[in-house]
Amino acid sequence: MYNIIKEFVLPPGSLWLLLLAGFVLLCLRKRRAGLMVAGAGLAAFYLLAAPVVAGRLNALVQTTPALSDAAARDASAQAVVVLSAGLHLNSAEYGGATVDETTLERIRYGARLHRLTGAPMLVSGGRPPGSTVTLAGAMKEALDKDFGITDVFVEDRSLDTHENAVFSAEFLSLKGIHKVLLVTHASHMPRAAQAFRDAGLDVVPAPTIFTHVSADSPASFIPRLSGLR
């Protein structure tokens, strides 16, 4: 239920609610209020879909610099923790559910760090609504079949970043592991790293996939689905 509510409260779901509210007000013959609400929804859609705005907003949270290979080796981390994102539930070519592109980007970098450092990997993610498999299970399968990495710890109870941190810390503490390389997208890293530190782990952030949008071109003012995403 929490995830369903979240889809409506956060953009772009909340923007559709604004447009719906404006339509309802117009139907109730509250023309001025309806136009204001619907206009606000349309304006928000444009701003969040325009790369020049979306890119600048994303830059506000991409504050953790990339980790060099040398820094990763010198970190003396005891494990590489990779956070999940989502699933493709019906991928016929894979025989069912498999990791989505966002999760795949994360496990690819996690695999690289694993080979650079020799530290074991832990993948974190529970079972999303509508799925019969866990995110962590799908990540482990991809690492095994596509990356040739079989020595992977699994935390498969968490449903959000806070639980990723709490349940991963519980698992790792039993293994005597306290310092980790944390892998997630650059825009997600600040709150993810803080959550893992709050859970008691010594975190070395290892962000991946930095989004850069140029504002020099007039095309950056044209709304696109990629900007909204």
Side-chain angles (χ1 to χ4, degrees), residues 55 57-87 98-126 134-158 160-213:
L57 289 175
N58 202 40
L60 294 176
V61 290
Q62 288 187 157
T63 55
T64 307
L67 189 68
S68 68
D69 289 353
R73 293 191 193 97
D74 295 341
S76 300
Q78 299 165 283
V80 178
V81 177
V82 184
L83 303 188
S84 59
L87 287 174
T98 189
V99 295
D100 70 357
E101 58 272 21
T102 305
T103 305
L104 182 60
E105 289 168 341
R106 296 178 184 181
I107 62 174
R108 179 191 178 192
Y109 187 47
R112 176 185 177 89
L113 293 176
H114 165 73
R115 294 194 172 103
L116 279 171
T117 65
M121 294 183 70
L122 180 143
V123 292
S124 176
T134 65
L135 283 155
M139 294 165 79
K140 179 178 173 62
E141 181 180 29
L143 285 165
D144 179 9
K145 294 183 176 180
D146 302 324
F147 292 88
I149 298 174
T150 57
D151 183 21
V152 179
F153 297 137
V154 170
E155 181 289 295
D156 59 4
R157 295 184 293 157
S158 56
D160 56 36
T161 305
H162 171 72
E163 291 184 354
N164 286 148
V166 171
F167 295 148
S168 294
E170 288 178 0
F171 179 91
L172 293 171
S173 66
L174 296 177
K175 302 286 185 182
I177 295 174
H178 305 287
K179 187 173 185 180
V180 301
L181 288 166
L182 180 63
V183 178
T184 189
H185 275 60
S187 59
H188 183 230
M189 182 56 75
R191 68 187 183 94
Q194 188 59 54
F196 273 74
R197 291 186 179 112
D198 290 344
L201 290 170
D202 184 359
V203 176
V204 179
T208 188
I209 310 300
F210 290 77
T211 303
H212 300 284
V213 179

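When only modelled atom types and interatomic distance are considered, S173 and E170 share no side-chain donor-acceptor pair under 3.5 Å. There is a side-chain donor-acceptor pair under 3.5 Å between N164 and S124.
I209 CD1 to Q62 CD: the interatomic distance, rounded to the nearest 0.5 Å, is 10.0 Å. Annotation: the span from I149 atom CD1 to K140 atom NZ amounts to 10.5 Å, rounded to 0.5 Å. If you take CG on L67 and OG1 on T208, they are separated by 11.0 Å, rounding to the nearest 0.5 Å. From L135, atom CG reaches atom OG of S158 across 8.0 Å, with rounding to the nearest 0.5 Å.
Residues meeting the side-chain hydrogen bond (donor to acceptor under 3.5 Å, both in side chains) test with R112, sequence neighbours left out: D69.
For residues 174-185, the pairs satisfying side chain to side chain donor-acceptor pair (under 3.5 Å) are E105-H185, R106-T184, R106-H185, T184-H188, with sequence neighbours left out.
Looking only at side-chain heavy atoms (C-beta outward), M139 and S84 come within less than 4.5 Å of each other. Side-chain contact check for V123 versus V152: some heavy-atom pair is nearer than 4.5 Å. L172 places a side-chain heavy atom less than 4.5 Å from the side chain of V180.
Taking 4.0 Å as the cut-off between side-chain N and carboxylate O, R108 and E101 do not count as a salt-bridged pair.
The two residues A192 and L83 come nearest to each other via the heavy atoms CB-CD1, 3.9 Å.
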